Amino acid sequence: MMAKWLGAALLALASVGPLGAQTYPNRPITLVVPLGVGGSTDVIGRLMAEGMRQQLGQPIIVENTTGAGGIIGVGRVARAAPDGYTFLIGQWGTNVASGAIYPIQFDLEKDFEPIALVATQPFMIVAKKATPATNLKEFIEYLKANQSKVSQGNSGIGTPSHVSGILFQKAIGAEFTMIPYRGAGQSSADLVAGNIDVLLDTPALSLEQHRAGNVKAFAVANTKRLATAPDIPTTDEAGLPGFYFTFWHALWAPKGTPKEIVAKLNDAAVNALQDPVIRKRLEDLSNEVFPKEQLTPEALAAFHHAEIEKWWPIIKAAGIKAQP
């Protein structure tokens, strides 16, 4: 019995040691998306899974593990075996803001191995179709005059749409009801249905609805207009100067994943982002792929640390906390 147990233990160690790294991957891999189906993180995660599968030669199963602004899914990867068969696509909300908002039981930097940055995109200020305003200045006046009546959606406490929404209210000097959803797809659908009045969200979700006439997009929260929608002004141009909000996506593995396996995942991610088809699909969703020299694990580690140092004081000063 002891010999059998030792044999199993040695086999498990070998699977994450040098030999295991050489034969990796030899079975399907799970990519955890910590937010709901249909949102930007889900869409980008599925594109990356498709692109990385081609190089790794194994299926990549996308698993949406949602809840607590993405913390449930991020925690799932923090506790996963460090063998390369589970990794995470996270973003500004799940891997930066969450640490300033939730009492999480893991370290967002120390409990993960960085793989690669993916892409970044700005947020848009979007309103329901029936909104009487025709531009951002009019919309801000409408919101301020109807604070007790209007509502703003977000994709969960601590998500980018929640934090940017709070900062938006502070920027315009108004306060109105925030309604959290389990994902960006749900909040976007409710905006289209006219059940909420305003949403700060990504072009990936809102742009097509704007083009179809289902919502009104008043501004891009960035210093430059979208190449995919040059008709939508920036916040500087539209009457809310200095209000910017962009967010990014990246890939992580559990702490202790062998460097050789991290290197293989990084190589697969970098190649996926250089693939013309994957790249165009990302750019069509108004994502800007990070330059190749920024796609190393070391670059992600430095970038991630800088984002935490920048945003945690801002989030805490704004009083953004998880609801009890």
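Residue numbers count from 1 along this sequence. Computed from a predicted structure; not experimentally measured.
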Assert yes or no for the condition that the ring centre distance of Trp248 to Phe290 is strictly below 6.0 Å. no
Aromatic ring proximity Phe245/Trp92, centre distance under 6.0 Å: yes
How close do [X] and [Y] get, heavy atom to heavy atom, and via which atoms?
| X | Y | value |
| --- | --- | --- |
| Leu200 | Ser161 | O-CB, 3.2 Å |
| Gly36 | Asn64 | C-ND2, 3.7 Å |
| Ser286 | Pro122 | O-CD, 4.0 Å |
| His249 | Ser40 | NE2-C, 4.2 Å |
| Ala253 | Val77 | C-CG1, 4.5 Å |

Does a side-chain heavy-atom distance below 4.5 Å link [X] with [Y]?
| X | Y | answer |
| --- | --- | --- |
| Thr86 | Ile29 | no |
| Thr94 | Ile89 | no |
| Met124 | Thr235 | no |
| His162 | Met178 | yes |
| Pro297 | Glu113 | no |
| Leu205 | Leu199 | no |

Do Glu109 and His304 have side-chain atoms, one donor and one acceptor, less than 3.5 Å apart? no
Salt bridge between [X] and [Y], side-chain N to carboxylate O under 4.0 Å?
| X | Y | answer |
| --- | --- | --- |
| Asp42 | Arg46 | yes |
| Asp83 | Arg27 | yes |
| Arg53 | Glu50 | no |
| Lys137 | Glu141 | no |

What is the distance from atom [atom1] of [X] to atom [atom2] of [Y], rounded to the nearest 0.5 Å?
| X | Y | atom1 | atom2 | value |
| --- | --- | --- | --- | --- |
| Phe176 | Gln169 | CZ | CD | 4.0 Å |
| Ile115 | Leu265 | CD1 | CG | 4.5 Å |
| Lys216 | Gln209 | NZ | CD | 15.5 Å |
| Asp267 | Leu56 | CG | CG | 8.5 Å |
| Ile179 | Gln152 | CD1 | CD | 9.5 Å |
| Asn271 | Gln55 | CG | CD | 4.0 Å |

Donor-acceptor pair, side chain of [X] and main chain of [Y], under 3.5 angstrom:
| X | Y | value |
| --- | --- | --- |
| Thr131 | Ala127 | no |
| Ser188 | Gly185 | no |
| Asn287 | Glu283 | no |
| Asp275 | Ile278 | yes |
| Tyr244 | Thr223 | no |
| Asn154 | Val163 | no |

Under the salt bridge (charged side-chain N to carboxylate O under 4.0 Å, His left out) rule, what do Lys128 and Asp197 come out as? Steps first, then yes or no, please. CA-CA 5 Å; Lys128 68 180 182 182; Asp197 296 276; 3.2 Å; yes
Any residue meeting side-chain contact (heavy atoms from CB on, under 4.5 Å) with Glu237, in chain and number order, not counting sequence neighbours: Arg225, Pro233, Thr234
Return yes when atom [atom1] of [X] has more than 12 non-hydrogen atoms of other residues, nucleotides or ligands closer than 6.0 Å, and no otherwise.
| X | atom1 | answer |
| --- | --- | --- |
| Gln105 | CD | no |
| Glu175 | CD | no |
| Gln186 | CD | yes |

Using the side chain to side chain contact (heavy atoms under 4.5 Å, CB included) definition, which of the options Leu251, Thr296, Leu300 pairs with Pro114? Leu300
What residue among Ile125, Ile232, Asp201, Val192 forms side chain to side chain contact (heavy atoms under 4.5 Å, CB included) with Ser206? Asp201
Is there a chain of hydrophobic side chains (I, L, V, M, F, W, Y, each step under 4.5 Å between heavy atoms) that links Ile314 to Leu108? yes
Checking Trp252 against Phe87 for the side-chain contact (heavy atoms from CB on, under 4.5 Å) test, could you report, in this order, the C-alpha distance in whole Å, the side-chain angles of both residues, the deciding distance, and whether it holds? CA-CA 6 Å; Trp252 287 268; Phe87 71 113; over 6 Å; no
Show the numbers, then the answer: is there a salt bridge (charged side-chain N to carboxylate O under 4.0 Å, His left out) between Glu63 and Arg76? CA-CA 11 Å; Glu63 176 190 296; Arg76 149 115 166 76; 2.7 Å; yes
Examine Arg79 relative to Phe106 and say whether NZ or CZ is less than 6.0 Å from the centre of the six-membered ring and inside a 45° cone about the ring axis. no
